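Take a look at the structure below.
Counting convention: from 1, in listed order, for ligands and their atoms alike. Values below: every heavy atom of this structure, side chains too, minus hydrogens, waters and symmetry copies. What you see is a predicted model; the values in this text were computed from it and never measured.
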Amino acid sequence: MAKIYCNDDVDMNVLKGRKIGIVGYGNQGRAQTLNIRDSGFEPMVANRDDDYKHKAIEDGFEVHPIDHVAKEADVLLLLIPDEVQPQVYHDQISPHLKAHDVLCFASGYNVYYNTIERPQDVGVIMVAPRMIGKAVRNLYENGLGFPCLVAWEQNGHNPSIAIALALAKAIGATRLGAFESSFKEEVLIDLFAEQILWPGIIKLCLLYFEKLIKSGCDPEVVTTELHLSGEFVEIAKAMITHGFFGQLKLHSQTSQYGQLSRMDRMAPPELLANIDRAMEEISSGQFHAEWSKEQKDGKPNMRRLWQQAIDHPLVQSEAKLETLRKIVADPYDSRC
Ligand code: NDP
């Protein structure tokens, strides 16, 4: 079992006297910066002269150019999108790194795929929240935590282990638990969910919608049943409260029998082959190469796939139910 670090296992003093620099003030950047400040540190913020800069100024930070913070900071958190990190790192960060600096990633992507050349005398760590940025901040403000994965490169730069854990505590993650992991493991669990779990669920939802419409059901009734009622979310929450299968007891006996007796039919050999293929594409770097090329070409396939998605009749049905969607999304603010 992975080692799990909680608040009492971690000493944040290792961060005292080190300048913490944050590159990027977006989803994770803003949340982590505010949490680190509320944990008693004075992070320096770097952002381009662009949209997020103004938010950081509003929040009371002086905002510096990225190369300036790269030069000043001893511990640098890279909180910009994974796909822009290699260029920003190459142009604005790496020329300013000094021995014993620590570079902290919030995902394993660029370390696992080796897109960033790391000097031997710089510590490389990962503190990857398993939580969206907004919730990283909201949970912290409410005294609560969230899980995160921590890792460090085995390059003999030992203090970076302590720094990874101290940062995990400063952002509030060790209130729940920081799991000792690796850059590779983070990439596998993240990309495998993105390429198997979520598209599998999305595709099944579309097939469910299409078949019921063909069978004469009303699109808006089906859309409400599918996700707009909020039952989907309640089932997911019940999985946490009662257990993955334990939540089945909240359904009728007919439902329990239907689900358990038909579950194995959902994994024909073709699906199992696709699961193996996705894992191979992710772990070998084939997907990374494909995605890098797609970005270089100006994302033509991404645009086509988005268009295909939003042209689905489910989206038109959803639009007709806009009022219902707003009420379920925010029941306390909206009224019928
Ligand atoms: P965002 O998309 O929210 O990042 C936006 C930030 O990046 C802004 O500050 C933006 O500045 C800056 N930025 C964008 N492009 C550039 C560029 N070319 N040069 C300089 N700055 C740029 O990122 P996330 O917070 O989603 O992700 C940050 C890291 O956190 C990633 O490694 C991600 O994998 C990881 N992560 C994200 C999670 C999430 O919930 N989103 C969850 C866990 C980990 P500007 O004002 O210029 O636009």
Using every non-hydrogen atom in the two residues, find where Ser182 and Ala151 come nearest and quote the distance to one decimal.
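Nearest pair, atom of Ser182 first, then Ala151: CA-CB, 3.7 Å.
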Judged by atom type as modelled, is there a donor-acceptor pair below 3.5 Å linking the side chain of [X] to the main-chain atoms of [Y]?
X	Y	value
Arg30	Gly24	no
Asp190	Val187	no
Asn142	Leu139	no
Asn110	Pro86	no

Answer yes or no: is there a side-chain heavy-atom contact under 4.5 Å between [X] and [Y]?
X	Y	value
Thr223	Lys320	no
Met279	Phe192	yes
Phe41	Arg18	no

Enumerated ligand 1 atoms positioned under 4.0 Å from heavy atoms of [X]:
X	result
Met131	40 (O), 42 (C)
Asp50	45 (P), 46 (O), 47 (O)
Tyr25	8 (C), 9 (O)
Gly133	40 (O)
Tyr52	8 (C), 9 (O), 10 (C), 11 (O), 45 (P), 46 (O), 48 (O)

So, Glu83 and Lys299, do they make that salt bridge, N to O below 4.0 Å?
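Lys299 and Glu83: not salt-bridged.
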Determine, for Arg277 against Glu281, whether the closest basic-nitrogen to carboxylate-oxygen distance falls under 4.0 angstrom.
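Looking at Glu281 together with Arg277, the answer is yes, because their closest N to O distance falls below 4.0 Å.
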For [atom], closest protein heavy-atom neighbour:
atom	answer
atom 44 (C) of ligand 1	Ala106 O, 3.4 Å
atom 15 (N) of ligand 1	Arg48 NH2, 3.5 Å
atom 32 (O) of ligand 1	Asp82 OD1, 2.6 Å
atom 26 (O) of ligand 1	Asn27 ND2, 3.4 Å
atom 38 (C) of ligand 1	Gln28 NE2, 3.4 Å
atom 43 (C) of ligand 1	Pro129 O, 3.3 Å
atom 5 (C) of ligand 1	Gly26 CA, 3.8 Å
atom 40 (O) of ligand 1	Ile132 CA, 3.3 Å

So, 4.0 Å and heavy atoms of Ala128: is ligand 1 close enough to count as a contact?
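Checking ligand 1 against Ala128, which is what was asked, there is no heavy-atom contact under 4.0 Å.
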With a cutoff of 4.0 Å, is Gln85 in contact with ligand 1, counting heavy atoms of the residue only?
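Judged by the 4.0 Å heavy-atom criterion, Gln85 does count as contacting ligand 1.
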Could I get the full list of side-chain hydrogen bond (donor to acceptor under 3.5 Å, both in side chains) partners for Gln87, not counting sequence neighbours?
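By the side-chain hydrogen bond (donor to acceptor under 3.5 Å, both in side chains) rule, Gln87 matches Asp91.
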Under 3.5 Å between any N/O of Lys53 and any N/O of ligand 1: does that happen in this structure?
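Among all N and O atoms of Lys53, none is under 3.5 Å from an N or O of ligand 1.
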Which word best sums up how the rings of Tyr5 and Trp152 line up, parallel for under 30°, tilted for 30 to 60°, or perpendicular for over 60°?
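Tyr5 and Trp152: perpendicular rings.
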May I ask you to identify, for Val88, whether its side chain, its backbone, both or neither come under 4.0 Å of ligand 1 on a heavy-atom basis?
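The side chain, only.
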Report the part of Ile80 in contact with ligand 1, treating N, CA, C, O as backbone and CB onward as side chain, heavy atoms under 4.0 Å; options are side chain, backbone, both, neither.
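Answer for Ile80: both.
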Considering Gly24, Pro81, Gly108, which one's heavy-atom position lies nearest to atom 4 (O) of ligand 1?
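Going through Gly24, Pro81, Gly108 one by one, Pro81 has the nearest heavy atom to atom 4 (O) of ligand 1.
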